[in-house]
Amino acid sequence: MTAPKFHLGWFLQESSIQAWGKPWTGNIDKEWADASLFKVLAQELERACFDYILIEDGGSISEAYGQSLDFALKNGLSVPRHEPAALAATLLEITSRIGIVTTLGTYAYHPYPVARIIATHDLLSGGRGGWNVVTGGPTHPNWGLNEVRPHDLRYDEADEYVEAVTRLWDSWEPGAIVADRENGVLVDPEKVHHVNFEGKHYQTRGPLNLPALYGRPVIAQAGGSPRGREFAATHADTVVASLNSAADMKVFRDDIRARAEKNGRNPDDVKVLFLASPILGETNEDAAFRHRRQMEYIETHIEKDLAKFAQSTGIDFSAMDLDAPVEELHTEGHQQNVEQFMKHAAGGKTLREAAVERFQNRWQLGLIGTSAQVAEKMGAMMEEVGGDGFLITLPDMSRRTIAEIVDGLVPELQRRGLARIEYTHERLRDTLLEF
Ligand SMILES: Cc1cc2nc3c(=O)[nH]c(=O)nc-3n(C[C@H](O)[C@H](O)[C@H](O)COP(=O)(O)O)c2cc1C
């Protein structure tokens with residue numbers, strides 16, 4: 001068996017001041033507002049023929065850690081951050097092939113504006129828009145949602161939500177714009193339909209006020225829990241996942257594919273991309289040194305990592321003793337993360353120990369070495385998993401580390417026939433379905 005050619009995506013996470021306080025980020029504290037680093041990222045990743053960039057979002061400044069804004073503000077924890085749909089439009093404007101997938105939460109918008117925004121991205125870019133569906137955390141006080149919205153209920157709502165959005169995208173038949181000058185008809189009313197969607201949680205009459213000319217834009221999702229995986233397998237064209245070993249990745253992908261098939265879909269239409277954070281060096285020793293530096297960083301920044309974890313789970317770790325064993329945790333937020341964390345905490349480990357292990361886990365896939373070594377490992381991993389690719393994310397994103405991926409790792413992957421050397425399609429959906 002030879003390793004399949006695989007897809008590459010990029011997970012653009014956290015603040016617009018990426019990697020604040022990390023080396024090689026220059027004057028990012030002054031330059032962040034015009035998003036120049038993100039523009040460089042998009043153009044460089046397009047040069048490397050990435051399928052897409054997924055722009056993460058949470059929408060608010062987290063108060064989960066210490067029940068206060070202080071920690072997030074002082075440490076630049078996902079703040080300041082541009083609104084992702086507006087940022088996506090900027091990135092689509094300066095690129096021509098790469099997809100830009102925008103995170104828009106079901107808590108934050110009604111389905112109608114989401115259908116409109118993503119269809120507009122798709123139209124403005126010739127078919128490169130995409131929507132990352134997230135249900136968000138349990139409460140959203142900025143939206144006036146103060147009551148806890150239980151995890152599985154949020155997914156039930158989201159099922160309905162996606163149906164409403166896709167029906168809006170389908171509300172114009174192909175060829176509805178007839179532009180018949182002789183009879184003075186621009187749009188044929190016979191080809192544009194109300195959707196009359198009457199769900200339990202959402203209603204929309206439709207039609208959308210513009211056609212999805214390139215068909216349905218791409219849907220991405222990151223469902224880790226069984227309910228989340230079912231949701232992803234039902235709706236998503238690309239599923240993004242965070243796993244710690246090739247064996248777990250294989251189980252996850254097989255599960256998504258089986259669920260997709262059970263839902264009457266072709267499993268090959270669902271591309272599963274796995275989070276990866278390679279550490280590259282000019283030599284093995286160089287990479288090992290940089291890995292050690294990352295490790296040292298967590299030991300002095302444990303609170304920062306726990307605050308990030310608090311953000312996605314709503315659990316206030318600041319109220320717990322760092323040096324006491326971790327008690328059973330429950331969340332209505334990111335359940336897969338908590339489940340993994342409890343594995344790190346097993347055997348009476350303290351919060352500090354479990355947090356360090358959680359951080360170290362980021363490099364559990366062992367993608368540390370020279371570009372050639374890491375490319376080999378990625379190939380071997382995909383061979384074991386069966387596909388479909390990686391979603392690169394770097395905790396220290398800078399022009400330097402972007403170059404390491406684009407001009408170091410990717411050419412090594414390309415030489416091995418593992419990564420695309422050119423785009424053969426213009427639309428994101430076709431790019432994803434190419435192999
Ligand atoms: C790669 C990846 C990206 C994600 N991006 C976001 C995001 O931008 N915004 C958000 O609210 N949640 C995001 N999530 C969380 C997921 O949408 C989802 O809530 C989470 O995976 C928990 O799913 P589960 O409760 O089904 O395990 C992301 C998760 C992963 C693994």
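When a ligand or atom number is given, it counts from 1 through the structure's own listing order. Predicted model, so just to flag it, every value in this text is computed and none were measured.
Both cation-pi conditions hold for Arg358 and Phe309: the charged atom is under 6.0 angstrom from the six-membered ring centre and inside a 45 degree cone around its axis.
Residues satisfying the side chain to side chain donor-acceptor pair (under 3.5 Å) criterion with Glu14, sequence neighbours excluded, are Lys308.
For ligand 1, the atoms lying closer than 4.0 Å to a non-hydrogen atom of Thr103 are 7 (C), 8 (O), 9 (N). Residue Glu56 approaches ligand 1 through these ligand atoms, each under 4.0 Å from one of its heavy atoms: 7 (C), 8 (O).
Between the choices Leu275, Leu12, Ile55, Val134, the shortest heavy-atom distance to atom 6 (C) of ligand 1 belongs to Val134. If you check each of Val239, Asp57, Leu54 against atom 7 (C) of ligand 1, the one with the closest non-hydrogen atom is Asp57.
The closest approach between any non-hydrogen atom of Phe231 and ligand 1 is not below 4.0 Å.
Counted by atom type alone, Thr103 and Asp57 present zero donor-acceptor pairs between their side chains at under 3.5 Å.
In this structure, atom 23 (O) of ligand 1 has a protein heavy-atom contact shorter than 4.0 Å.
The ring-ring contact (aromatic ring centres under 6.0 Å, His included) pairs that include a residue from residues 252-278 number zero, where partners must be two or more places apart or lie in different chains.
Here's the thing with Gln336: one of its N/O atoms is less than 3.5 angstrom from an N/O atom of ligand 1. For Gly224, a nitrogen or oxygen atom sits less than 3.5 Å from a nitrogen or oxygen atom of ligand 1, counting backbone and side chain alike. The shortest N/O to N/O separation between Ser225 and ligand 1 falls below 3.5 Å. For the pair Ala222 and ligand 1, the shortest N or O to N or O distance falls below 3.5 Å. In terms of N/O distances under 3.5 Å, ligand 1 is approached by His151.
Neither the backbone nor the side chain of Arg227 comes within contact range of ligand 1; no heavy atom lies under 4.0 Å.
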